[in-house]
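See below for the structure under consideration.
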Amino acid sequence: MATADVSLPLRTRVRIQGLKSSAQLNGATGSVATERLANGRYGVDVDGTSDTSKKRVALKPVNIVMLRADELERLKQGSNMKPKGASPKHPSKVSAAAKTRKASGDTTCWICLEGAADGCNEPLMRDCACRGSAGYAHVSCLIEAATLQDEQLRQRARTGETWQDKWECCGICLQRFYGDVNHELAMARYNLYKDHPIPLDENGIPIASSPDATEDVKNDVREKEGAYSHLASAYMSDGNFELALPLLETNFSLVKPQVEYCERRGQPISSDAREIYAEKAHSLGLCKIKLGRSDEAMMHLERGLQVLEAGQPETGRETAEGSACLFDIAQIHAMGGNPKKANEILGEVMKIREKVFGKDSKEYLRTVFNWLGTSIGHTKKTIAVARENADRCFRLLGPDDPLTKQFRQLLDMIGVASNDDERNNEDSSCGTIKGLTRRMDLNGKRVQIAGSRISDDLDLTTLRYETRIGGEKNILSLKPTNVILDENTQAQIFGLASEGGRKYNKKRCVIVSYNEEKARYQVRLFHGKTVQFMLKPENCVAGCGLKIVKKEETN
């Protein structure tokens with residue numbers, strides 16, 4: 001039960017949630033020890049805290065939730081704590097490869113605060129965006145925390161408050177789970193809600209679709225629909241489309257009757273209902289395309305577009321859902337031997353996605369690539385579009401992304417170089433000399449970077465740029481701190497030693513700007529998602545590659 005508007009008596013049993021600075025306390029239980037203070041917080045004595053100086057904490061009402069009767073009963077029986085050495089409450093199905101990604105021995109679960117050192121046999125897992133030692137948890141604890149959120153979500157739904165779904169998102173970094181952890185949570189969520197009945201009215205329409213439906217009834221359908229969508233998405237990401245199909249069909253059956261009923265009665269269909277119908281139709285159609293059932297997929301996709309355009313014939317398809325349906329319709333035409341029709345539809349999708357997502361989105365770039373692939377012949381226009389978007393893909397996603405490689409292969413097939421390739425052939429990376437004390441006359445001059453070199457022991461202090469000023473032939477060796485690279489210069493990350501930074505070494509990045517005060521570059525790269533952070537000049541190597549030489553040659 002939410003506590004924001006409730007006065008809690010002393011000794012009320014509560015569970016802690018939503019803390020950021022003391023995230024290790026999230027999921028812990030305790031008792032209210034003081035009345036509400038002047039600052040609006042409660043004093044809470046946390047269970048199982050050995051350090052008496054830290055036993056009592058002051059918490060906002062939104063960070064505590066009253067325990068339900070069944071939780072209190074489990075606490076009395078002592079079953080809310082994980083027995084040392086006991087098997088997990090939900091037997092883990094994570095793969096052997098995933099278990100090798102578990103945390104070190106002194107790391108603890110951020111929910112139950114236990115780890116291998118406490119005798120717990122269940123491995124700590126982390127399939128999210130957390131770094132360092134943050135975010136590790138037992139899968140069984142994640143499942144329990146997500147299960148316990150239901151009453152809180154129902155309360156928040158009544159007030160219109162939004163939340164971060166614990167089934168799909170990490171409580172620390174707030175990013176979506178992936179891999180084995182995501183699959184385990186999806187399966188547990190499905191098992192929890194698969195037997196929930198969906199009440200229907202006399203017309204066979206889920207009562208939740210009625211304007212008079214209570215929030216509890218709507219939440220029942222929402223929870224079941226979310227569970228089915230979650231597991232279907234996990235199956236599709238694994239390429240298991242046969243198992244995803246019945247789940248998607250069930251979800252589609254929840255939204256289909258309401259739309260058909262409104263159409264029979266000539267009643268208007270709400271915009272939300274149209275978009276949800278198109279989304280479910282697209283997911284079902286995509287799954288059937290993967291299973292080779294293109295005719296059925298085409299029927300679902302065209303029907304999704306028809307519903308979207310009901311009441312909005314001119315703009316109905318100019319949405320994310322509409323562009324998704326059109327994109328897959330084009331793929332069916334391309335596979336069916338009609339590239340001209342596919343190219344025509346993809347041209348329309350390009351315009352929609354540029355408007356909805358922007359040119360720097362992966363959705364737009366993927367559409368451009370498919371449009372180029374279905375183009376008959378290569379005119380000056382298509383070649384220009386290919387080169388422009390190959391460069392954009394390289395800058396946004398990096399050279400290792402599959403879409404970037406596909407663009408490069410397409411350019412090779414056409415027999416032209418990208419704009420970046422031509423620029424790199426005409427001149428090297430460029431920058432401006434700064435901070436020289438002996439040759440102050442060179443400060444402010446423009447240089448071209450022909451290459452980089454470092455000692456064989458990889459000492460960053462020996463890193464030097466081999467540069468040329470203007471059209472001169474002589475090579476000038478400069479430290480990275482004495483060359484301010486231009487914006488949009490492509491570089492390679494090198495020499496990061498921290499645990500969170502090592503995974504970025506050898507990744508390509510783009511210089512966004514240079515911060516004079518911090519003497520750092522702001523760089524951008526694509527690592528699962530587009531990220532930006534600050535780098536020292538010696539960790540950001542530009543030029544035509546890094547040459548390893550004997551240490552005396554770098555002095």
Donor-acceptor pair, distance only, cut-off 3.5 Å: does the side chain of [X] make one with the backbone of [Y]?
X: Asn191; Y: Met187; answer: yes
X: Asp328; Y: Leu286; answer: no
X: Ser233; Y: His230; answer: no
X: Arg189; Y: Trp167; answer: no
X: Asn389; Y: Arg392; answer: no
X: Asn338; Y: His333; answer: no
X: Ser323; Y: Ala320; answer: yes
X: Glu296; Y: Gly285; answer: no
X: Asn240; Y: Tyr235; answer: no
X: Glu122; Y: Ser140; answer: yes

Close side-chain approach of [X] to [Y], heavy-atom, < 4.5 Å:
X: Lys280; Y: Leu248; result: no
X: Leu365; Y: Leu403; result: yes
X: Arg274; Y: Glu321; result: no
X: Leu535; Y: Leu496; result: yes
X: Pro268; Y: Cys262; result: no

What closest approach, in Å, do Asp180 and Asp127 show between heavy atoms, and which atom pair accounts for it?
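Answer, listing the atom of Asp180 first, then Asp127: N-OD2, 3.3 Å.
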
Locate the shortest heavy-atom distance separating Gly322 from Leu305; write the atom from each residue and the value.
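It is O-CD2, 3.7 Å.
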
Enter the distance from Cys287:SG to Phe252:CZ here, rounded to the nearest 0.5 Å.
13.5 Å

Here the gap from Ser361 atom OG to Arg353 atom CZ, rounded to the nearest 0.5 Å, amounts to 8.0 Å

For Tyr228 together with Tyr190, are the ring centres under 6.0 Å from each other?
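Yes, close enough.
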
May I ask you to check whether His183 and Phe177 place their ring centers less than 6.0 Å from one another?
no

For Lys194, does the NZ atom have more than 12 heavy-atom neighbours from other residues, nucleotides or ligands under 6.0 Å away?
yes

Check for me whether Arg126 meets the cation-pi criterion with Tyr136, that is, NZ or CZ under 6.0 Å from the six-membered ring centre and within 45 degrees of the ring axis.
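Yes, Arg126 and Tyr136 form such a contact.
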
Using the rule given for salt bridge (Lys or Arg N to Asp or Glu O under 4.0 Å), can you reason through Arg303 versus Glu309, listing the C-alpha separation, both sets of side-chain angles and the distance that settles it, and then say yes or no?
CA-CA 10 Å; Arg303 177 67 174 136; Glu309 293 171 334; over 6 Å; no

Test side chain to side chain contact (heavy atoms under 4.5 Å, CB included) applied to Cys540 and Ile493, step by step
CA-CA 5 Å; Cys540 193; Ile493 298 173; 5.9 Å; no

